[in-house]
Every structure is written in C-alpha cells, then in structure tokens.
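See below for the structure under consideration.
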Amino acid sequence: MGDTNLFSTTQIVDPAQILSDAEIRAEEITIRRLVFETPLDAMKWCARRKLLKNTCDCDNCNIPMTCSLNSRVVLDGYQWICKLYKSQRSIRKNSFFENSELSLEQILVLVCGWAMEYPQDIISLEAQLGQGSKTVVDWYNFCREVCEVHFMQNEIVIGGLNEDCTSKTVDIDESKFFYKKYHQGRWVDGHWVFGGIERESRKCFLVEVPDRTEATLAAIIERHILPGSIIVSDGWRAYGNIQDIGGSMYEHHAIIHHENTGVFLQNLENMWMRAKYRLQRQFGTSEALFCSYLHDFVWRNQFPKSQVFAEFVIMVAAQFPVP
Ligand SMILES: [Zn+2]
C-alpha cells in the first residue's frame, strides 16, 4: 500500500511523468499491466496518459484543489477538494470514466479487451464482472462510439501522393454485407458498402451506401480519396466518369474482364474478407449499429493489432481533454 494514506497533493503525478503520444505508442501494454495494487496506482496511470486531470483549479476561488483521500468516495478513494470553500469535485469529472460505476482498473481492462478483440465472455471475467454481464456490451459499444466521433471530427482520407510525388493507388469496389439475425438464424436483407483501399499502406475507408449510382459513389470518392490518386475499379458503369470528378483530380483505370487483375482483386478481397469476418462475428443484434461496426473496423485497420490500445488511449485523451 505504501504511501497511499499520506497522498494529498495538488497534482496526481509529477508533470514530468506525463507521457507524450510517442511515448504512449512505444509502450507495450497488455491486460496484465492494467492490474494495479491500489486505486491510486490506477489514477496515476490515467493521469500520466492524460485520461484524468493531473491538477484541478477550484471553480470558485481559482486556487489549485487538493487530491485527497475520502473513504466515502467508494470507487476511486480520492477526490479534488478546495480547502477554502470546502467544495469537492470528482476526479472523473468530464473524463472518459465519468458516469461509470466501475473502477478505473475495470474500465481499462474492458477497453483493452475491446482493443485486442477479446471475446466478451472472457473479458467479462478479466474485468471481474461475472458471466453474462451486459456491462461489457455497453463498454464495447462506447468504444465504437469514440471511433465514430473521431471520424466525425477527422474524416478518413487515403491516396494522394507519395514522397517522391508519384501517385498512390486506391482500389475501389462495392460489396453487399449479409448477416444472420442472431437469434432467428435466418438471413436478412444486406447492406451495400462502398470502400477503397490504398495499396501502399492498406489504409481503407468503408461507407454504407443507399444505392450504387454514379452520384452517390462520386461524392464518397471526393470525400475520402485525395487528389492526385490513381483510382482502380472494375467496369461498373457508375465508375465511368471518375476521371472528371472535381475537375480531373484523379487518374482512373477500369479493369475489364480477362485483364491482369492480380493486385487489384487480392487487395479488395482481403479487405472485404476481413471486414465481413469481423462484422459477422461481432454484429448481429442491432440493425442500428451496423455503421458503428464499420467505423470500428476502419479505425482499427489503420494500426497493427498490438498498437490499437495505445492509439485508443491517445484518441480518448484528445476527445475528453483534461487540461
Ligand atoms: Zn475553492
């Protein structure tokens, strides 16, 4: 337990211990490393990664509040206290953790489980929630919501130019996603998804579309593919005028039957296979969540699997700023 009982300070950690994004990316975090001896250790872990405020000024008197032990604060054990006005403030206020009745450690374990694609029943046990807990579903949904908000604020764009000013190549295609209703075992009407994948980086975008008309697809191409790209598609007629989009921003190659289609097909097939596999495994109950599963896939597809948790921590810190 160490100095737990003596801990009372205007800063949770020495500001020099707060990690930069590059330092967070360099960490090798696993679920085991998210087991803390005390709630205070979990608080410090979060403060170092900008997930919790490290210092807090009082709204009333503008002086630094003190992070103090209070046995009535059941989950964290600590709260911010202003000695002058005796006002108090939760250490979680405005943070990613606000409104939850789980400990910081439990939440971190759940988020790490989502990032590493642990099955929900396993992570439920790891987070000590017991079997069949609905809490895991809620947190996995919340993590996907963070990805969705991220894409509302930062549209994903691929393609453009390489450093040597040559064009990057983006393969585009549409595909219908079918899935089984979870409890009924029957197939229901699918969703049309339009997507593109950059050959150089394998970064992709996927968008659910109401139809596959030229107007619909051209608008998405313009939004997600940078000028200067080479766009490769099949011979679908809606792709006939890609070279004219936005005043000739793109070079277009249509691959017609019997041509050498190797890289094009491989790239796309790989993307559809991975996206469909992931959605089929995880998505099944709620029609309304289809789009959030697509965003989840596109977001995590940008990173190697081992980096996903670190990138999520960085994204949360940006979305829930704790200055
Ligand atoms: Zn005060």
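Both ligands and their constituent atoms are indexed starting at 1 by order of listing. Please read all numbers here as calculations on a predicted model, not as lab measurements.
For the pair R144 and Y293, the cation-pi test (distance below 6.0 Å, angle within 45°) is passed. Within the cation-pi definition used here (under 6.0 Å to the ring centroid, within 45° of the axis), R49 qualifies as a partner of W45.
The set of protein atoms (N, O or S) found at less than 2.8 Å from the Zn ion (ligand 1) reads C58 SG, C61 SG, C82 SG, by chain and number.
In this structure the side chain of P210 reaches within 4.5 angstrom of the side chain of T216, judged on heavy atoms. Side-chain contact check for P39 versus L75: every heavy-atom pair is 4.5 Å or farther apart.
Distance alone, capped at 3.5 Å, is enough to place a donor-acceptor pair between the R300 side chain and the A115 backbone. The backbone N or O of V308 sits nowhere less than 3.5 Å from a side-chain atom of E311 that would complete a donor-acceptor pair.
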